[in-house]
Amino acid sequence: MKKLSLLLLSALFIVSCAKTKKQEPVQEEKTKNPNIVVIYLDDLGYGDLSSYGATEISTPNIDALANGGIKFTNGYASSATCTPSRYALLTGMYPWKNTSAKILPGTAPLIISTEQQTLPKLLKKEGYDTAIVGKWHLGLGSGNVNWNEKVTPGPNEVGFDESYILAATQDRVPTVYIKDGFVVNLDPNDPIEVDYKNNFEGQPTGKDNPELLTMKWHHGHNSSIVNGIPRIGFMKGGDAAKWSDVDMADHFLEKAQAYVKSHKEKPFFLYYAMQQPHVPRTPHPRFVGKTNLGPRGDVIVEADWCIGEFVKTLEEEGILDNTLIIFSSDNGPVLNDGYYDDSDTKNGEHTPAGVLRGGKYSLFEAGTRMPFITYWKGQIQPGVSDALVCQMDLLASVAKLVGTEDKSTDSQELLDAFLGKSEKGREDLILEATSRTALRSGDWLYIPSYGGKPLNTQVNIEVGNSDVPLLYNLKNDLSQQNSVAESNPEKLKEMHNKFIALRGENYKKIQKLELK
């Protein structure tokens, strides 16, 4: 009887172990393949969040991600302007290798080859559903777009199953949403025409019809008027399809939430590319006056609320603990970027760049050093990381996360750094601003001598131009007040040689060619 009992107990033990082993891969699979969401803001500076030191503005929902995840102090966009950074984020490639990766008009052709590797393509191969909601600004079509039929190639041809976008920026025409290649709500009897050189007969402009404006232009934005706001470029027709500026944040939020709800049963990748705080800054009436900083401060608060609502949706749908959220911005801050909107006059004590020097368009640190946060409830332990990481590195790192690899791009695999398991990041990074490049290596930043005006007077930002090379030890001089190029010639030579080895001897020739 004792023998029989022992045999029965042994059998039960074996069955129990077998069941446990069968269940392990299921749990492993869930951990291995989380949903992945990239939340990308537009022109948000290193000092624009309360979690990064802002005192004149409060961003509690973004702060919750920072306090519950990894807050990077050395997290970079690849570039100090939007299109190049977005190109690097999605392709894992340095944008200066693609001469088309510069600020694009709304009529530019797609600058990502349909043959090249992209983050959504990589994830699709691993069984992910993929989508973009928000700003695109990487070109559409092949250079001669007819907006009244399917616009292709675009996001759907470079890895996204679904796309709901604005073509470029909200200050550029066409001022319409595009879903999977088709303009939303387009009336075929009112076709869209777009031209970036010539106006259409009888169409008012910001330059000629100031009496029609609700927002006054400062520089550049004096062409077609939509919703009382003068834009870059000329547009005719498509009245039923034109967006409402003040409702744009709510509109994109609703699309992002709807995507989560309809795709929660399968791993998904969502690129939620928000438009704030890019110009024109048009907060919804609910957020007007929420800060003392004018519309720029108000749209940052609006963006923070949207992110809180989005994260709440993930939680309500039961998938927050299996979703990796990556938060950052495409480039540094700018106040007056083309409109009189009180962004500079009401800025007060707020410092959008924090302790950093420069801003958008600049080779100084504020141009590319970004708020950068990774959050994964229950998987990432909260902390602050000084690891040197770049948005470009997400492609190779995400590849490892989902059980594959990518060695075809400039992306470096830094998964442990992004998950807070290591402080080891990149050693070297080439940074770019309006086709000029610089080198971040260890604690050092080297800016070659490009000459030219040191200040962009239109936006009042130091851009990093100098008649002599600049060298900064960022550990000792984060605000870049003292170049040590003259006092440390050996380090200067070392950095220059490394820059040439990574960038090539012809870096100035390429720069001059691109600026023509």
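Position 1 is the first residue of the sequence, and the numbers go up from there. Heavy atoms only: backbone and side chains are in, while hydrogens, waters and symmetry mates are out.
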Criterion side-chain contact (heavy atoms from CB on, under 4.5 Å) against I132, the qualifying member of Y40, F269, Y271: Y271
Donor-acceptor side-chain pairing of T291 and D298 below 3.5 angstrom: yes
Residues E405, K400: salt bridge by 4.0 Å N-O rule: no
Rounded distance [0.5 Å steps], NZ in K97 versus CD in E432: 13.5 Å
is_close_aromatic(H251, Y164), centroid dist under 6.0 Å: yes
Between OG on residue S79 and CG on residue D330, distance to nearest 0.5 Å: 9.5 Å
Short N-O contact, E315 and K312, less than 4.0 angstrom: no
R86 NZ/CZ over W136 ring centroid, <6.0 Å and within 45° of normal: no
Cation-pi geometry met for K71 and Y52 (6.0 Å, 45°): yes
Can you give the donor-acceptor pairs under 3.5 Å from side chains of residues 381-388 to other protein atoms, not counting sequence neighbours?
from	atom 1	to	atom 2	distance (Å)
S385	OG	A387	N	3.1
D386	OD1	T73	OG1	2.6

Y507 and F499 aromatic centres sub-6.0 Å: yes
Lys/Arg-Asp/Glu bridge criterion (N-O < 4.0 Å) met for D416, K424: no
S163 and N156: side chain donor to acceptor below 3.5 Å: yes
Residues Q117 and D406: side-chain donor-acceptor under 3.5 angstrom: yes
Point-to-point distance, once rounded to the nearest 0.5 Å, from CD of E505 to CD1 of I500: 4.5 Å
Residues Q257 and Y272: side-chain donor-acceptor under 3.5 angstrom: no
The single option from K498, R440, R503 passing salt bridge (Lys or Arg N to Asp or Glu O under 4.0 Å) against D428: K498
Closest non-hydrogen atom pair between L394 and S411, with its separation: N-OG, 4.1 Å
Least distance between heavy atoms, T409 atom then M93 atom: CA-SD, 3.5 Å
Over 12 foreign heavy atoms within 6.0 Å of NZ, K121: yes
Interatomic spacing from CG in L356 to OG1 in T351 - rounded to 0.5 Å: 9.0 Å
Greater than 12 external heavy atoms within 6.0 Å of K290's NZ: no
Separation of M248 CE from L253 CG (nearest 0.5 Å): 13.5 Å
Within 45° cone and under 6.0 Å: R436 NZ/CZ vs W96 ring: no
Salt bridge flag under 4.0 Å for residues R296 and D342: no
Donor-acceptor pair between H218 and Q458 side chains, under 3.5 angstrom: no
CG on D443 to OH on Y472, rounded to 0.5 Å: 16.0 Å
For F268, all residues meeting ring-ring contact (aromatic ring centres under 6.0 Å, His included), sequence neighbours excluded: Y259
Electrostatic pair K360:D43 at N-O distance under 4.0 angstrom: yes
Salt bridge E490-K493, side-chain N to carboxylate O under 4.0 Å: no
Centroid-centroid distance, F327 to Y375, less than 6.0 Å: no
Donor-acceptor side-chain pairing of E302 and Q276 below 3.5 angstrom: yes
Ion pair check, D341 and R281, cut-off under 4.0 Å: yes
Pair T59-D63, side-chain donor/acceptor within less than 3.5 Å: yes
Minimal non-hydrogen separation, A77 against S329, with atom names: CB-O, 4.0 Å
Nearest atoms (heavy-atom pairs only) where P469 meets Y446: CB-CE1, 3.9 Å
